[in-house]
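Here's the structure we're looking at; comments come further down.
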There are 2 protein chains.
Amino acid sequence: MSELLQRKTALRTPVPATATPCPREFRGPAGPRAAREEDAEALNLVELFFFAYRDFVGDADRLLENYGFGRAHHRVLHFVHRRPGLPIAALLDILRITKQSLNRVLKQLLDADFVEARAGAVDRRQRLLYPTAQGARLARDLAALQSARFRRVLEELPPEARGAAAAFLFAMIDADERDRVRGHLQRSELGAERR
Amino acid sequence: MSELLQRKTALRTPVPATATPCPREFRGPAGPRAAREEDAEALNLVELFFFAYRDFVGDADRLLENYGFGRAHHRVLHFVHRRPGLPIAALLDILRITKQSLNRVLKQLLDADFVEARAGAVDRRQRLLYPTAQGARLARDLAALQSARFRRVLEELPPEARGAAAAFLFAMIDADERDRVRGHLQRSELGAERR
DNA sequence: ATCTATATGTCAGCTATATTGACATATTTC
DNA sequence: GAAATATGTCAATATAGCTGACATATAGAT
């Protein structure tokens with residue numbers, strides 16, 4: 001999984017110097033000293049998050065180039081590999097892009113035989129997506145590259161901080177999304193119901 | 001700071017089913033049981049990182065829309081705000097984009113009076129970038145939005161995990177980049193030289 | 001003083017990835 | 001049979017990146 005980040009289209013018209021200021025609750029730091037320091041700490045995290053993600057996605061980019069694929073292909077391949085039998089609608093929901101955007105990329109993956117689609121057994125309107133053998137291989141290679149970075153990080157970190165990484169990332173997810181995400185994770189401490 | 005993530009252009013030609021397989025050291029899990037479980041854990045982190053980042057950048061997108069700016073503007077504005085007097089070359093180095101790409105976005109920020117450029121005092125070839133008053137206001141508003149997420153997360157996390165978040169993100173950064181990043185952080189436990 | 005290197009700007013064309021809107025088809029459900 | 005659903009497709013557009021070529025101003029070196 002690489003960039004996995006979609007573009008949000010901006011409005012056409014750059015707003016001149018008269019743009020409406022933003023509501024009070026969005027305003028920057030103006031409180032007392034302690035709040036300011038908290039803000040400085042959180043600000044550093046914002047920036048660290050950017051750099052960490054930038055380097056993280058860089059790993060996969062180099063491998064993807066060999067196949068002529070981009071980050072969009074990576075995203076699709078990753079989730080199809082992780083959730084074999086995924087219907088189109090579920091994929092759209094995960095990626096939060098339009099079906100038109102997905103279709104171009106998905107068609108390339110289907111044509112190049114990295115992903116295949118079978119009609120759903122229960123609902124034949126659905127096209128369930130599966131990785132092909134070589135699709136699965138590439139997905140694994142990409143995932144191995146990226147999880148190598150995490151493994152290195154976990155080693156660098158003091159033992160008591162290791163579990164915290166997953167908890168931290170999980171807490172960063174929108175609250176109303178967490179259940180769905182948790183359901184997809186493979187038996188980890190966050191996966192919970194490990195029957 | 002929002003997406004802050006650049007696109008890596010893919011090669012033109014989608015590779016057919018005959019693509020060269022990737023070298024052995026990139027291969028997926030094939031080792032013994034323990035290694036597999038480590039992999040599963042790291043795989044979950046890969047996915048969590050995606051979802052966390054996806055939601056994280058979503059916060060700023062909504063605000064940026066009001067101004068007709070996109071993520072590229074956010075990145076520029078953020079770093080200009082964070083490092084006032086930043087020369088063009090330094091900005092290019094942080095963002096890792098070409099000057100042509102930067103210029104389109106930067107020009108819009110200059111025209112809309114969110115950023116201003118002054119000739120360098122020591123080297124007059126340089127254009128040093130500063131936020132204007134309204135540029136600084138927007139940058140603060142955006143940063144406040146995003147650091148609010150971090151503050152919420154830090155509250156949700158058990159106290160002993162709080163410091164771990166910054167350490168984790170920092171460890172995720174390429175080793176040869178860390179010094180430079182550290183130099184920019186504002187007096188935090190990672191900032192080190194707090195003279 | 002001139003030559004060269006550096007910092008930056010700009011033009012032109014291309015690519016990847018997203019968007020919206022409209023419409024088509026197959027299948028399921030009521 | 002009608003309506004709703006899952007998906008595909010065509011067309012136009014926007015954002016944000018890229019390469020390559022060339023222009024200008026300033027700095028530094030000989």
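To find a chain, count down the sequence lines: A is the first, B the second, and so on, and within it residues start at 1. Just so it is clear, the structure is predicted and the values come from calculations on it, not from any experiment.
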*asked:* Going by salt bridge (Lys or Arg N to Asp or Glu O under 4.0 Å), Asp174(B) matches just one of Arg149(A), Arg54(A), Arg152(A). Which one?
replied: Arg149(A)
_Any donor-acceptor pair under 3.5 Å from Arg151(A) side chain to Ala42(B) backbone_ = no
*Whole-Å distance between dA7(C) C1' and Gln100(B) CD?*
13 Å
*Residue-phosphate contact under 4.0 Å: Arg75(A) side-chain N/O, dA16(C) OP1/OP2*: no
*Look at the side chain of Ser147(A) and the backbone N and O of Ala143(A), then say whether any donor-acceptor pair between them is shorter than 3.5 Å.*
yes
*asked:* Can you measure Arg104(B) atom CZ to dG13(C) atom P for me and round it to whole angstrom units?
replied: 16 Å
*asked:* Using OP1 and OP2 only, check whether a side-chain N or O of Ser101(B) sits under 4.0 Å from dC18(D).
replied: yes
*Which residue lies toward the 5' end of DNA chain D, Asn103(A) or Arg125(A), if each is placed at its nearest nucleotide?*
Arg125(A)
*In whole angstrom, what separates Lys99(B)'s NZ from dT24(D)'s C1'?*
11 Å
_In this structure, how many angstroms lie between the P atom of dA6(D) and the CG atom of Leu129(A), rounded?_
15 Å
_From CG of Leu106(B) over to C1' of dA7(C), roughly how many Å is that when rounded to an integer?_
14 Å
*Would you say a side-chain N or O of Lys107(A) is under 4.0 Å from OP1 or OP2 of dT9(D)?*
yes
_Proximal nucleotide (of dA18(C), dG20(D), dC18(D)) relative to the Thr98(B) side chain_ = dC18(D)
*asked:* What is the distance, to the nearest angstrom, from the CG atom on Leu110(A) to the C1' atom on dT7(D)?
replied: 13 Å
*asked:* Distance check needed: dT26(D) P versus Leu128(B) CG, whole Å only.
replied: 14 Å
*Can you tell me the distance, in whole Å, between the CG atom of Asp111(B) and the C1' atom of dT10(C)?*
14 Å
*If Ile, Leu, Val, Met, Phe, Trp and Tyr residues are connected whenever their side-chain heavy atoms lie under 4.5 Å apart, and connections chain through other members, are Ile97(A) and Ile88(A) in the same group?*
yes
